[in-house]
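Here's the structure, in structure tokens; my notes come after.
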Amino acid sequence: MTKTSKVLSMQEAISRHVPSGAMVLMGAQMEQMIPFSAGHEMIRQGRRDLTLVGPISDILFDQMIGAGCVSRVMAAWVGNVSAGVAYCLRRAVEQNVPRRVDLVDYSNFTVALALHAGALGVPFMPTYATLGSDILAKNGNLREFSSPVSEEKLVAVRALRPDVTILHVQRADEFGNAHIWGNLGVAVDGARAARKVIIIAEEIVAPDVIASDPNRTLVPGFLVAAVVQDPWGAHPSPVQGYYGRDHAFFTQYHEQSRKLEDFEHWLERWVVRIPDRPEYMNQLGACRSEALGVREHAYSAPADFGY
Amino acid sequence: MTKTSKVLSMQEAISRHVPSGAMVLMGAQMEQMIPFSAGHEMIRQGRRDLTLVGPISDILFDQMIGAGCVSRVMAAWVGNVSAGVAYCLRRAVEQNVPRRVDLVDYSNFTVALALHAGALGVPFMPTYATLGSDILAKNGNLREFSSPVSEEKLVAVRALRPDVTILHVQRADEFGNAHIWGNLGVAVDGARAARKVIIIAEEIVAPDVIASDPNRTLVPGFLVAAVVQDPWGAHPSPVQGYYGRDHAFFTQYHEQSRKLEDFEHWLERWVVRIPDRPEYMNQLGACRSEALGVREHAYSAPADFGY
Amino acid sequence: MATETQTETTHDYSLSELMVAAAAREIADKELVFVGMRLPMLAFLVAKRTHAPDAIGLYENGVIRETPAPELLYTMADPPNLRGATLCGQMLDIMALLQQGRVHVGFLGAAEVDRFGNLNSTWGHREGQLFRLPGSGGACDIACLARRTVVLMAHEKNRLRERAGHITSPGHGRGNGWRVAQGLPANSGPSAVITTLGVLRFGSDGEAFLASVHPGVRVEEVLTNTGWTLSVADELLETAAPSTGELAAMRALDPNHFWTR
Amino acid sequence: MATETQTETTHDYSLSELMVAAAAREIADKELVFVGMRLPMLAFLVAKRTHAPDAIGLYENGVIRETPAPELLYTMADPPNLRGATLCGQMLDIMALLQQGRVHVGFLGAAEVDRFGNLNSTWGHREGQLFRLPGSGGACDIACLARRTVVLMAHEKNRLRERAGHITSPGHGRGNGWRVAQGLPANSGPSAVITTLGVLRFGSDGEAFLASVHPGVRVEEVLTNTGWTLSVADELLETAAPSTGELAAMRALDPNHFWTR
């Protein structure tokens, strides 16, 4: 085998694979494993005119909107799951601050179906969801049609194929074969629909570890453009088996993003002045990270692939 | 919790949940984990007019057709994977022996999509597969239509919802929550599309074992009507981590089903006269089963669900 | 009214706790429940610990749970909600059950509800100004596809409106068979709106009516705070106070009143 | 012919081995290959061990493998094909890659192939009698959706027919843009038919022509055994014999000649 490693630093991965103007899927696992460290690197590298795609976004989209990286959001929900609204989103949509952002409203299911269509290689997926809603009325990627096999109305959800899907995962090998467990959200279809995948892993492990459980390999390496080892890269969101959700951080962000000036301070302090995730974790403090660590391990029963 | 066990004997499970005339999905994991013991019990209980559904069938459908249980097969391939054609199928289709069987020809992908539509709760799934083929021309459940979002021709694969899906699995708890690993074929959609699911498990294990790895629980118990513990129930097909494929048995069946008379002897010897799987394994002999057993275990790396 | 109102009762429970208890009672045993977040999440857990031990919780991030999570959840993807789950999978795994019609009841919140139970969680309005809300999440999907939906929200005149400013999640539309005409499943749609003042239910014409008022609330207060002329049930009830068991369950789950403050 | 035929050569390889080697050479390095069963499975493994070490094998039961299975396979779901796989999942996971157009080449067998590469694996005919064959399996899907398809089969006049009795797996239909007119993906379709006598390829009009004959085979023999008037390439080649490396690889994999007898 002549395979070469796909491991890059976060700086390199974003620099090479996420240009301004790209359609980027993040937050595929919903409130788990949000690739904050990748989003922060995009802010630092000054990306502009991104289209962000995701079912929900638990404050990462809000931060990137506030930083001026985003011109469009295709999502079902943008906010702060445990604390409420997204103030940067509101400023952008209501006042064009720091710049105008177009929102293309989906429901969770229709985001999932758009990616599913992309992953399956068909132009659309049919559903009953959104019939009768203003989501259907206003989103040009949702179109009512008549079922070809029954006397029913259906909605055709047009396929989405992100330029880049960024997934934070528990572990991967250097070739990008990635194990993910816990709730998967739209991670599987999100990766397979994408033109490129970037894997951010808590751990890079030997290929044998990944190959020991091919049913957990939800992203095969041949779809992956880059692998970044970035422990704690999902903080303040949780990574099952690695660290918990930093609820207080979300609440603090809520308060500190309410006013534009406060948000700008927050961004300076937590993103702009920070070179990378190790430094971010230094700033967060060992006390906080220890409190978020795993207190009780709970290992899966083994599956025997022997013969 | 007031949950009651769903464990039944094979006799009871088939007697209660698989009536004559039912549409039954078996062989969902393709050449792995074919529920031979369940099919044999249907033969013994004299089921008639079954519609068998599956992508392929590695001799189980042939046996049931030969035994006269079947009036229709909706499948992509019926035969003997390592040895060739299915003689009972041929006798039924070419000579109506022992009775006429209607074949509804699919491709593998369109069987999978029909079940996927059933599992997703939509009337059809779109695909480019089968365009231009006689499969499309002759199968009334496949219909060409125009994409509602593009200028393309597509095929609508009508949803299938089997009355009963029978899955052989590695392990389950008494409530039907089932772990499956290895190649999954159409097992996930097959279970979820069905009105009832019967789980045939190599092992019934404590609920904690199943709950230790909820990503491997591909069939949740609330979809399951009955759980049968039936070790070696998939022989001669393999069960990853439990036993290998008995290639010789497939070859022998090929020879012994070529002529009607020989097939009738085979059926008498391996199905009709056999009360259950332990007796079948006695007849097969310890020597053979030992040779098929796991020589080298290969356990999956644990996933930590702790926090 | 079926029971006398006691306007000056000293409550030994909070309004949120009353709403959670009322929401919990919308769940029958063994039902599949699309749980959602915040008060409904608590309501589901209360139901599990009281009258509906075999209710099954579905979370759109990809989780199915038959046993309650052992800790308070701030989000449905908090680690305690995944460990020991019945199933962890994809969002589509969960939405598929919804679209198959297997889900009995889903819980929703909203900024606005209207006369026919249509919900808006996309665009708020305050003093004539629109402001942006987080959006549907899975609310539209649940509103379209669950057999019953239950809404929890504050009862304010500018939030219970004659017509929702934006239909994020369709209720009965404009009433009278509108859902079926849209292509939505038969036997689906809004079942109850549990507000801070009472509980609204829906007639066969799809219009909401006041089914019960919370203890201490006057009917006039409800009507004054509703943005349309709200019908009142002939047999108006008083919303039952939380039982000791319900209160114990919710306080065990949320001892610091994060969700029921 | 480009090279001289040596009709009386003593082969130190079997015809099956020649066909496997020819099939293996249809795979380029790093390609995604829909492997199938029998000789193609062996061809894929030979390619992996010789010129295409980073080819990726896809199996429609739900398996993706980058490393060759360590043992001879009788079926794609044999336990050695699952242990250590790149991915084990659902059939749809694999078919999705096919439908996305990511799969470079797929291998097929058939009872009949016709002038335009259409395949029949559903109904055979012998002396005017139809007989039932196992059916498509994934063949139709691969024929529709893979960028290239390669067929392996015995070269018999009643199997290479002017027109297939049943189009299980569409090739170039009736030629001249037929695939695109049907709605099939551009840049897809039959690439080669490797028979027991030679290799057929396809012109831009979709019609098959004889591109090479196997060592020791005369062109007339091919033409006589083909059910239509087969065109012959201006630069007809001789199919290259298996290399020492190719033979070593296939014999290591199948020492008892289960597949190459």
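Sequence lines set the chain letters: A, B, ... in the order given, protein chains first and strands last, and positions in each chain run from 1. Below, all heavy atoms of this structure are taken into account, side chains as well, without hydrogens, waters or symmetry copies.
Interface residue Ala181(C): only backbone heavy atoms are found under 4.5 Å from chain A. Contacts between Asn80(A) and chain C at a heavy-atom distance below 4.5 Å involve the backbone alone (N, CA, C, O). Contact of Arg179(C) with chain A is not made at all, since no heavy-atom distance falls under 4.5 Å. Both the backbone and the side chain of Thr127(A) come within contact range of chain C, judged by heavy atoms closer than 4.5 Å. Within the 4.5 angstrom heavy-atom criterion, only backbone atoms of Leu130(C) (N, CA, C, O) approach chain A. For chain C, the nearby parts of Glu296(A) are the backbone and the side chain; heavy atoms of each come within less than 4.5 Å. With a threshold of 4.5 angstrom between heavy atoms, Cys144(C) approaches chain A through side-chain atoms but not through N, CA, C or O. Residue contact with chain A, scored on non-hydrogen atoms closer than 4.5 Å, is absent for Ser121(C). Only the side chain of Val93(A) comes within less than 4.5 Å of a heavy atom of chain C; its backbone N, CA, C and O stay farther away. Looking at Leu184(C), the atoms closer than 4.5 Å to chain A (heavy atoms on both sides) sit in the backbone and in the side chain alike. In this structure, the portion of Ala83(A) lying under 4.5 Å from any heavy atom of chain C is its backbone and not its side chain.
Between Phe250(A) and Tyr74(C), the ring centre distance reaches or exceeds 6.0 Å. Residues Phe145(A) and Phe124(A) bring their aromatic ring centres within 6.0 Å. Aromatic rings from Tyr243(A) and His235(A) are positioned such that their centres are separated by 6.0 Å or more. The distance between the ring centers of Tyr87(A) and His254(A) falls below 6.0 angstrom.
Under 4.0 Å is where a charged nitrogen must lie from a carboxylate oxygen, and between Arg251(C) and Glu17(C) at least one such pair does. Between Asp58(A) and Arg245(A) a salt bridge is recorded (basic side-chain N to carboxylate O distance below 4.0 Å). Electrostatic pairing of Arg201(C) and Glu26(C) counts as a salt bridge here, judged by a charged N lying under 4.0 Å from a carboxylate O.
If you check the side chains of Tyr128(A) and Glu152(A), you find a donor sitting under 3.5 Å from an acceptor.
Comparing Val186(A), Ile135(A), Leu136(A), Leu218(A) by heavy-atom pairs within less than 4.5 Å of chain C, the highest count is held by Ile135(A). When each of Leu82(C), Asp78(C), Ile94(C), Leu145(C) is scored by its heavy-atom pairs under 4.5 Å with chain A, the top score falls to Leu82(C). Highest contact tally toward chain A, considering only Thr168(C), Leu98(C), Leu73(C), Val63(C), is held by Thr168(C) [criterion: heavy-atom pairs under 4.5 Å]. Counting heavy-atom pairs closer than 4.5 Å to chain C, the top-ranked of the candidates Ala86(A), Ser107(A), Gly79(A) is Ser107(A). The choice from Met95(C), Met76(C), Met37(C), Glu60(C) that makes the most heavy-atom pairs within less than 4.5 Å of chain A is Met95(C). No other option in Gln29(A), Glu144(A), Gln240(A), Lys153(A) has as many heavy-atom pairs under 4.5 Å with chain C as Gln240(A). Ranking Gly173(C), Gly84(C), Ser136(C) against chain A, the residue ahead of the rest is Ser136(C), based on heavy-atom pairs under 4.5 Å. Of the listed residues (Pro185(C), Ala139(C), Gly62(C), Gly138(C)), the one with the most heavy-atom contacts under 4.5 Å to chain A is Gly138(C). Chain C forms more heavy-atom pairs under 4.5 Å with one residue of Val85(A), Thr130(A), Ile56(A) than with any other, namely Thr130(A). If you tally non-hydrogen atom pairs under 4.5 Å between each of His116(A), Arg90(A), His247(A), Glu94(A) and chain C, the highest count goes to His247(A). Of the listed residues (Val111(A), Asn183(A), Val155(A), Leu184(A)), the one with the most heavy-atom contacts under 4.5 Å to chain C is Asn183(A). Comparing Gly137(C), Gly135(C), Gly89(C) by how many heavy-atom pairs each has under 4.5 Å with chain A, the most go to Gly137(C).
Aromatic ring orientation, Tyr299(A) versus His297(A): parallel (interplanar angle below 30°, classes split at 30° and 60°).
Both the sub-6.0 Å distance and the 45° axial angle are not jointly satisfied by Arg65(C) relative to the ring of Tyr59(C). Remark: Arg161(C) fails to qualify as a cation-pi partner of Trp228(C) under the 6.0 Å distance and 45° angle criteria applied to the six-membered ring.
Residues Ser188(C) and Ala146(C) approach most closely at CB-O, 3.2 Å, considering heavy atoms. Taking every heavy atom of both residues into account, Ala154(C) and Leu160(C) meet most closely at O-CD1, 3.7 Å.
Within the 4.5 Å cutoff, the side chain of Met74(A) has no heavy atoms near those of the Asp105(A) side chain.
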